Amino acid sequence: MDYKETLNLPKTDFPMRANLPEREPAWVQEWQEKRLYERLIEATAGRPLYVLHDGPPYANGHVHLGTALNKIIKDMVLKSKLMAGYRVPFVPGWDCHGMPIEHQVIRELGSGARALGQLEIRQRCRAYAEKFVNIQRAEFKRLGVLGDWERPYLTMSPKYEAQIVRVFRELVEGGYIYRGLRPVHWCTVCGTALAEAEVEYKDHVSPSIYVRFPFVGSAEDAAALARREEDRAVLAERVRRLFVVIWTTTPWTLPANLAVCLNPHLEYVALDVGGDLYIVAERLADAFLAELGRTAAARIPVDLKPLDGRDVFQHPFLDRAVRLVFESHVTADAGTGCVHTAPGHGYEDFAVGQKYGLPVLTPVDGAGRFTDEAGVFAGRLVFEANDDIVRLLEQKQHLLKGEQLRHSYPHCWRCKQPLIFRATEQWFFRVDHARLRERALQQINGVMWIPPWGHDRIYNMVEHRPDWCLSRQRAWGVPIPAFRCVQCGEFVFDPATIRHVEQVFAEHGSDAWYELPTARLVPQGTRCRCGGSEFEKDQNILDVWFDAGVSHVAVLEERDELKWPADLYVEAVDQHRGWFQVSLLTAVATRGAAPYRAVLTHGLILDEAAKKMSKSLGNVVSPEEIIRQHGAEVLRMLFASVDYTADVSFSKGLIAPLLESYRKIRNTCRFLLGNLYDFDPARHRVSVENLPELDRWMLHRAAEFNQRVRRAYELFQFHLVVHQMVNFCAVDLSALYLDIVKDRLYTAAAGSYPRRAAQTVLYELLDTMVRLMAPILSFTAEEVLRYVPGRSVDSVFLLDFRDDLPRDDALFARWEKLFEVRAAVTKALEEARQADRIGHSLDALVRLYATGGIGSLLGEYLNELPTVFIVSQVEWDESLPPEAASPLMPELRIAVEPARGEKCQRCWNYSESVGCSATHPGLCRRCVEVVEAFSHG
RNA sequence: GGGCGUGUAGCUCAGUUGGUUAGAGCGCGUCCCUGAUAAGGACGAGGUCACUGGUUCGACUCCAGUCACGCCCA
């Protein structure tokens with residue numbers, strides 16, 4: 001007789017090989033067909049609401065690893081909250097306006113772009129954005145992300161655009177909006193002002209020049225500069241050879257120079273270089289001389305403060321007096337400590353200019369060409385004029401040193417060309433109006449930042465940020481709802497006018513701004529203060545960050561299933577400057593509070609060497625590639641397994657080890673399923689109090705595991721979930737409990753109490769695990785659930801995490817001790833195996849001896865020990881010598897020898913009872929009983 | 001240059017208020033098993049806790065500085 005037939009070996013159709021790339025799309029389709037998201041919303045009516053507000057990715061290009069990480073984290077948060085008992089509506093969104101799309105569209109149109117009007121460009125941009133919304137939607141769904149994909153929010157939808165205008169109106173009402181002439185980063189190629197977020201710093205080669213400005217004060221003025229009495233005469237005598245020296249890397253801004261700025265807290269000296277006197281900061285004097293390759297015959301300490309605010313210098317090549325000003329932004333890090341100041345071309349220059357009443361001179365137009373104000377350079381492109389300016393300085397003998405310098409310089413984020421700073425008329429959001437900055441800082445203190453350093457990061461940024469430049473000179477965006485009076489040139493942007501635009505946009509979308517005549521865009525009878533009634537539309541659009549920055553109004557307030565404020569925002573660390581901040585500012589200004597209760601940030605995806613991924617470096621890995629080869633599940637698990645609060649260093653090398661872990665979890669589930677093929681929980685479940693102690697130990701252990709994992713989910717520490725899951729499967733289950741309990745499952749009679757008890761535990765383990773893994777391993781959990789006997793729901797997401805697993809602390813402590821002994825025994829077994837005395841552990845008889853607590857515990861459990869050790873026999877032997885002490889447990893003595901009796905052909909245990917039955921000579925007594933019952937039954 | 005981070009075995013991570021020979025899983029090596037089998041089990045070898053200095057009886061843990069990498073800003 002083949003006794004194998006009488007065993008209850010595992011049986012399951014659950015495939016060992018996951019084959020994820022092929023199987024996953026079917027799940028995605030099934031979730032959609034079954035309307036899983038909608039069903040979950042219905043099924044969770046009445047539960048506490050948990051709102052994670054989706055930050056809109058830009059509708060341009062395919063989903064990359066960064067966007068995938070972000071959405072997967074959100075999905076894991078939402079699913080874990082769902083299964084923890086919340087209702088979790090998720091409305092995904094896209095950011096649709098803005099320069100990147102417009103730029104791309106224009107590039108694709110090539111020379112044809114010029115022939116098109118703004119409206120036609122906008123239509124193409126809209127089509128472009130729609131295309132990528134659809135692409136990305138499919139890609140996010142493919143990742144297993146659950147949400148209201150059929151009704152996302154789009155910043156280009158008419159309703160959303162109307163909300164953008166509405167918030168702008170509320171800001172106008174609150175007095176936050178103003179027009180101003182301000183230097184801004186300006187791209188001469190794109191012809192637009194850039195927001196801080198659109199500026200990229202990278203290396204650029206600029207001229208680096210030292211220029212002297214002649215002192216034009218009187219001899220008396222010069223003498224007054226002396227700190228020491230004895231220097232007065234020299235200064236007075238050499239007044240026509242006295243100069244202040246500046247250093248700059250932007251010679252083209254010199255035509256706009258109006259002042260030289262010194263630091264009030266620095267010491268200055270006049271260096272005697274070949275008879276000329278050069279004023280520089282004392283701390284930079286040596287470095288300056290080294291640059292010139294000269295030495296100074298004398299260093300005369302000077303104090304220029306008496307001349308503060310006076311026009312005591314002469315422009316090096318223009319007929320213009322240059323003012324001496326003081327401000328503490330001047331540093332002694334580089335240059336001369338005397339700073340060339342052009343209020344139209346630098347932010348700090350502008351600030352100093354305001355303080356001293358200087359005009360905002362900007363002799364440069366939007367295309368980067370000098371205007372007539374720049375004299376001989378008129379019509380020249382600024383960067384190209386650099387060399388001529390340097391040459392002119394040389395001619396005038398005011399150039400002290402000129403060379404090329406490679407340094408970090410602002411560039412346009414789209415066209416990658418170097419930017420200039422240029423004063424233009426722009427629309428601004430005033431951060432210091434109505435104590436907004438203070439109130440925003442207060443709100444920051446009330447938000448939970450995860451990880452906690454997020455607080456300091458955004459706090460410092462908000463504390464120091466400048467006003468927000470809201471206007472862009474582009475076509476693809478929401479127009480600034482303002483009208484210029486043709487008669488007087490003043491702007492009309494009062495609440496009533498804007499409200500009208502809101503209504504028009506809600507109905508027709510913002511294209512109406514370009515389609516409709518101005519008369520239809522202003523309310524009837526609108527008049528300027530000057531009495532004028534004829535208007536023209538403002539040509540600016542709003543910064544795309546403004547679009548995203550009002551999503552808390554346009555989405556949270558507008559969608560019935562959501563609420564304001566959100567419970568959580570989840571984005572990458574760069575958003576402290578971006579979305580977190582713009583959302584905060586618009587919310588505090590218009591709603592008086594932060595739009596989020598908590599903010600979770602994750603790092604960025606870097607390459608193997610922790611370097612940024614970029615197309616130019618050729619180190620970009622696409623999610624699509626990973627999905628195609630290994631499945632989305634692997635990407636989900638990978639992102640879950642790392643500590644995302646730091647940047648994630650991604651390499652394909654991470655995948656192979658991860659697959660091992662995945663297989664461990666999958667195979668453990670498969671083993672559990674395989675042993676439950678004949679188990680019906682409704683009929684066969686054994687009650688906890690009737691379970692053997694080992695089984696209760698297992699349930700206690702599972703309860704602890706369950707608690708730890710749930711806690712990790714609460715803290716959004718998914719990497720702890722993954723590690724605990726793998727460890728639990730590998731250590732507690734595979735290597736320990738399941739290994740031990742195999743004997744019972746396989747050899748006991750199918751319907752016997754010991755087997756049903758083990759199956760009860762297996763069932764609980766599987767039921768616990770399938771729920772705990774679902775937020776991360778969504779596909780696998782769903783697949784496993786299909787095979788779970790007696791399942792009551794058709795999606796794992798209709799189940800909640802458990803909290804009802806039984807614990808028994810005293811029992812648990814005893815068994816933990818027994819497992820320590822087990823470790824000592826397996827070590828001894830291994831030694832015996834190495835010495836060729838046994839092969840399988842069942843070949844062994846283990847002799848034990850111990851005194852004290854361990855001794856009495858082992859005495860109590862002596863009958864259980866063979867099972868626990870997976871050996872054939874365990875005997876108590878007081879004669880074991882001290883040398884037999886275990887290295888792991890000195891109070892325990894162990895000896896291993898071959899087991900007694902014969903190997904039972906059925907259960908493979910050695911026993912002296914083998915042969916006790918004439919019908920089954922190869923079997924032990926235990927197996928004889930089972931087999932006889934089997935053949936009769 | 002400033003603000004905020006990150007740096008523990010080949011990989012991914014633990015390491016509680018500073019306290020005995022720094023842990024886990026995977027991988028690796030050797031062995032066992034062939035009734036979870038493109039599976040399973042055992043044992044073992046791997047770390048100057050980025051570096052330097054300091055505080056302390058004692059520091060991966062606290063302080064200061066340096067280096068590398070990242071984000072944000074100048």
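What you see is a predicted model; the values in this text were computed from it and never measured. Proteins get letters first, then strands, A, B, ... in listed order; numbering begins at 1 in each.
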With [atom1] as the reference atom in both, quote the distance from [N] to [M] in angstrom, rounded to an integer.
N	M	atom1	result
B:U52	B:C11	C1'	29 Å
B:G2	B:G65	P	11 Å
B:C60	B:G19	P	10 Å
B:G7	B:C49	C1'	10 Å
B:C63	B:G18	C1'	13 Å
B:A68	B:C32	C1'	46 Å
B:C69	B:A50	C1'	11 Å
B:G47	B:C4	C1'	29 Å

Syn or anti conformation of B:G70, syn meaning chi within 90° of 0: anti
What nucleic acid atoms does [X] come within less than 4.0 Å of, heavy atoms only: base, sugar-phosphate, or nothing?
X	result
A:Ser661	nothing
A:Asp574	sugar-phosphate
A:Arg906	base

Under-4.0 Å salt bridge between A:Asp743 and A:Arg755: no
Side chains of A:His340 and A:Thr253, donor plus acceptor under 3.5 Å: yes
Residue pair A:Ser886 / A:Lys827, side-chain donor-acceptor N/O under 3.5 Å: no
May I ask you to verify whether the side chain of [X] and the base of [N] hold a donor-acceptor pair under 3.5 Å?
X	N	result
A:Lys742	B:A36	yes
A:Arg457	B:C4	yes
A:Ser734	B:A36	yes

Aromatic plane relationship, A:Phe14 with A:Tyr787 - under 30° parallel, 30 to 60° tilted, over 60° perpendicular: perpendicular
Scan every strand shown for a Watson-Crick or G-U wobble partner of [N], both distances under 3.5 Å, and answer none if you come up empty.
N	value
B:C51	B:G65
B:U20	none
B:G1	B:C73
B:G40	B:C32

Over-ring placement of A:Arg701 relative to A:Tyr737, 6.0 Å and 45° cut-offs: no
With A:Lys742 via salt bridge (charged side-chain N to carboxylate O under 4.0 Å, His left out) - residues at least two apart: A:Asp739
Minimum-distance nucleotide to A:Arg833 side chain [options: B:G3, B:C13, B:A42]: B:A42
To the nearest angstrom, how far is [X] atom [atom1] from [N] atom [atom2]?
X	N	atom1	atom2	result
A:Gln724	B:G15	CD	P	11 Å
A:Asn909	B:G35	CG	P	15 Å
A:Ile870	B:A36	CD1	P	11 Å

Phosphate contact (B:G41 OP1 or OP2) by A:Lys664 side-chain N/O below 4.0 Å: yes
